[in-house]
2 protein chains.
Amino acid sequence: MTTSQLADRLAVRPASVTAMLQKLAAAEPPLVEYHKSRGARLTEAGQRAALAVVRCHRLLELFLHEKLGYAWDEVHDEADRLEHVVGPAMVERLAAALGHPARDPHGHAIPDADLTPIGPAATLLSALPAGCTAVIDQARDDDPALLRQMAALGLLPGITLTVLAEAPATRVTLGARGATPLELPADLVARVAAEPPEFSTLTNRPSKTMPASPFGPSFF
Amino acid sequence: MTTSQLADRLAVRPASVTAMLQKLAAAEPPLVEYHKSRGARLTEAGQRAALAVVRCHRLLELFLHEKLGYAWDEVHDEADRLEHVVGPAMVERLAAALGHPARDPHGHAIPDADLTPIGPAATLLSALPAGCTAVIDQARDDDPALLRQMAALGLLPGITLTVLAEAPATRVTLGARGATPLELPADLVARVAAEPPEFSTLTNRPSKTMPASPFGPSFF
DNA sequence: TGGCTAATTTAGGCATGGCTAAATCCAGGC
DNA sequence: GCCTGGATTTAGCCATGCCTAAATTAGCCA
């Protein structure tokens with residue numbers, strides 16, 4: 001990662017990134033390996049620290065959705081604030097209370113307690129060739145409007161779709177066959193990933209109901 | 001409240017208190033009414049802000065105990081960190097998930113959603129006259145050792161006790177009558193409050209089991 | 001009323017994590 | 001091999017919330 005890539009992602013000035021990278025590289029143990037004017041990369045320790053935060057964030061998202069009845073487009077911001085103060089003990093209690101889940105409400109893998117690195121994401125819808133059949137795997141969690149749009153279209157993790165055309169616009173059919181074709185917006189197909197049915201661990205498990213949790217929180 | 005009283009309670013230097021009081025008094029709306037060199041007092045808005053934090057803190061404590069299986073002496077610190085980042089929506093969802101409870105695990109009243117001020121606490125055990133029968137009402141939540149000691153003695157909110165003697169040490173019997181007398185440490189009786197049975201809303205409701213939650217979290 | 005002591009406030013620092021502006025670096029084009 | 005422009009780093013500020021040390025205030029007693 002270069003300094004400016006990080007600055008863009010974090011919506012922060014490059015100078016601030018430089019300062020923070022220097023600090024993280026000087027930490028004990030160092031969390032990044034930093035080569036002046038040349039970019040930085042996570043160390044082993046840095047990757048574990050990052051995975052711990054990701055684990056916490058995703059468990060919180062699932063908790064807010066499953067146990068408190070939040071809609072799947074509302075959980076990200078709350079989790080973002082909570083993730084930095086939730087202690088390790090609470091993370092594990094949350095995991096236990098949720099049954100040590102493998103995925104958050106958006107389909108993202110939840111790192112296990114050992115902080116094993118998680119594999120690469122599935123393929124973006126925008127990269128699927130026409131004729132291809134795939135299972136929705138995950139969607140970015142930081143754009144509520146995207147998530148609401150997906151819910152409205154019935155485009156949820158676990159749903160199977162078939163690509164009819166990729167240009168000029170992505171046209172797909174949902175479900176098995178014969179359903180009415182949908183035209184998917186370009187910004188959507190660039191931020192939703194899918195997998196071949198034979199790879200998906202979500203197939204035919206159309207997630208209780210990501211959007212609004214109409215049944216209410218599970219412990220009422 | 002004077003500056004030094006606040007400094008003591010907050011374990012902070014008086015100079016820091018002065019600075020913060022000036023800031024809170026200058027806030028819009030002002031949260032404290034501050035008279036230079038003369039002390040400060042909460043404004044209406046300040047009291048509401050404080051009650052909102054207390055409500056959040058106590059709901060979190062109850063949540064951690066009831067839903068995540070924390071022991072009652074472990075919840076305070078976690079709640080202290082969480083209370084400042086939990087948003088208003090989550091507070092109300094927690095309240096709903098817990099059934100809009102009136103008390104936290106230590107017996108403290110939870111302010112309602114309207115932030116109605118809560119009444120004065122019950123009487124300290126140390127102030128009960130010999131011969132008096134009372135129901136344990138609440139205990140300070142910020143001292144895990146005290147809470148563990150109470151649990152070990154069976155001194156839980158809702159438990160009825162009778163004071164046999166107040167000096168030189170407080171001796172009590174727990175439960176109805178005839179039980180073996182207990183001698184209570186001075187630091188304990190100064191931090192646990194009780195009420196006359198006819199005032200208590202906890203009578204004969206010896207709280208499922210404050211200490212360890214042996215049945216595990218309620219939604220397993 | 002003067003003065004003394006304790007309480008309080010002011011003045012000036014430190015660390016965090018952001019910022020801008022200015023210097024420096026470096027890679028590609030000539 | 002230079003030179004130039006974008007990327008990067010440095011230098012120097014700002015706000016927060018805490019600190020210490022010094023000045024000030026206030027209340028009490030003679």
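Chain identifiers are assigned alphabetically (A, B, ...) following the order of the sequence lines, protein sequences preceding nucleic acid strands; residue numbering begins at 1 within each chain. Given the structure is predicted, the values throughout are model-derived calculations rather than measurements.
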Trainee: Whether Lys36(A) contacts dT8(D) is assessed here as follows: a side-chain N or O lying under 4.0 Å from the phosphate OP1 or OP2. Is that the case?
Mentor: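 No, no such contact exists.
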Trainee: Measure the CD-CG distance between Gln149(A) and Leu184(A) for me, rounded to the nearest 0.5 Å.
Mentor: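 Rounded to the nearest 0.5 Å, the CD-CG separation comes out at 8.5 Å.
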Trainee: So, is Ser16(B) near the phosphate of dC19(D), with a side-chain N or O under 4.0 Å from OP1 or OP2?
Mentor: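 For dC19(D), OP1/OP2 do have a side-chain N/O of Ser16(B) under 4.0 Å.
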Trainee: Of Ala15(A) and Gln22(B), whose closest DNA chain C nucleotide lies nearer the 5' terminus?
Mentor: Gln22(B)
Trainee: What is the first contacted nucleotide of DNA chain C and what is the last, in 5' to 3' order, if contact means an atom lying under 4.0 angstrom from a heavy atom of chain B?
Mentor: dA7(C) to dT10(C)
Trainee: Checking side-chain polar atoms at under 3.5 Å, does Asp141(A) have a donor or acceptor matched by the opposite partner on His76(A)?
Mentor: yes
Trainee: Using five pairs at each end of the helix from dT1(C)-dA30(D) to dC30(C)-dG1(D) to define an axis, what is the angle between those two axes, to 10°?
Mentor: 20°
Trainee: How would you label the contact of Val12(B) with the nucleic acid (heavy atoms, under 4.0 Å): base, sugar-phosphate, or nothing?
Mentor: sugar-phosphate
Trainee: I need the single residue from Thr43(A), Leu24(A), Thr18(A) that forms a side chain to side chain contact (heavy atoms under 4.5 Å, CB included) with Tyr34(A). Which is it?
Mentor: Thr18(A)
Trainee: What nucleic acid atoms does Ser37(B) come within less than 4.0 Å of, heavy atoms only: base, sugar-phosphate, or nothing?
Mentor: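 Since only primed, P, OP1 and OP2 atoms lie under 4.0 Å of Ser37(B), the category is sugar-phosphate.
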Trainee: When the distance from CG of Asp8(A) to P of dG6(D) is rounded to whole Å, what number comes out?
Mentor: 15 Å
Trainee: At under 4.0 Å between heavy atoms, what does Thr18(A) touch on the DNA or RNA strands: base, sugar-phosphate, or nothing?
Mentor: base
Trainee: Does the side chain of Arg38(B) get closer than 4.0 angstrom to OP1 or OP2 of dT25(D) through an N or O atom?
Mentor: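 For dT25(D), OP1/OP2 do not have a side-chain N/O of Arg38(B) under 4.0 Å.
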Trainee: If the cut-off is 4.0 Å, is Arg13(B) near the phosphate of dT20(D), judged by side-chain N/O to OP1 or OP2?
Mentor: yes
Trainee: Do His57(A) and Asp104(A) get their side chains close enough for a donor-acceptor pair, meaning under 3.5 Å?
Mentor: no
Trainee: To the nearest angstrom, how far is Tyr34(B) atom OH from dT25(D) atom P?
Mentor: 13 Å
Trainee: If you count every heavy atom of other residues, nucleotides or ligands that lies below 6.0 Å from Glu44(B) atom CD, does the total exceed 12?
Mentor: no
Trainee: Under the criterion salt bridge (Lys or Arg N to Asp or Glu O under 4.0 Å), which of Glu74(B), Glu78(B), Glu66(B) is the partner of Arg93(A)?
Mentor: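 Exactly one option meets the salt bridge (Lys or Arg N to Asp or Glu O under 4.0 Å) with Arg93(A), and it is Glu74(B).
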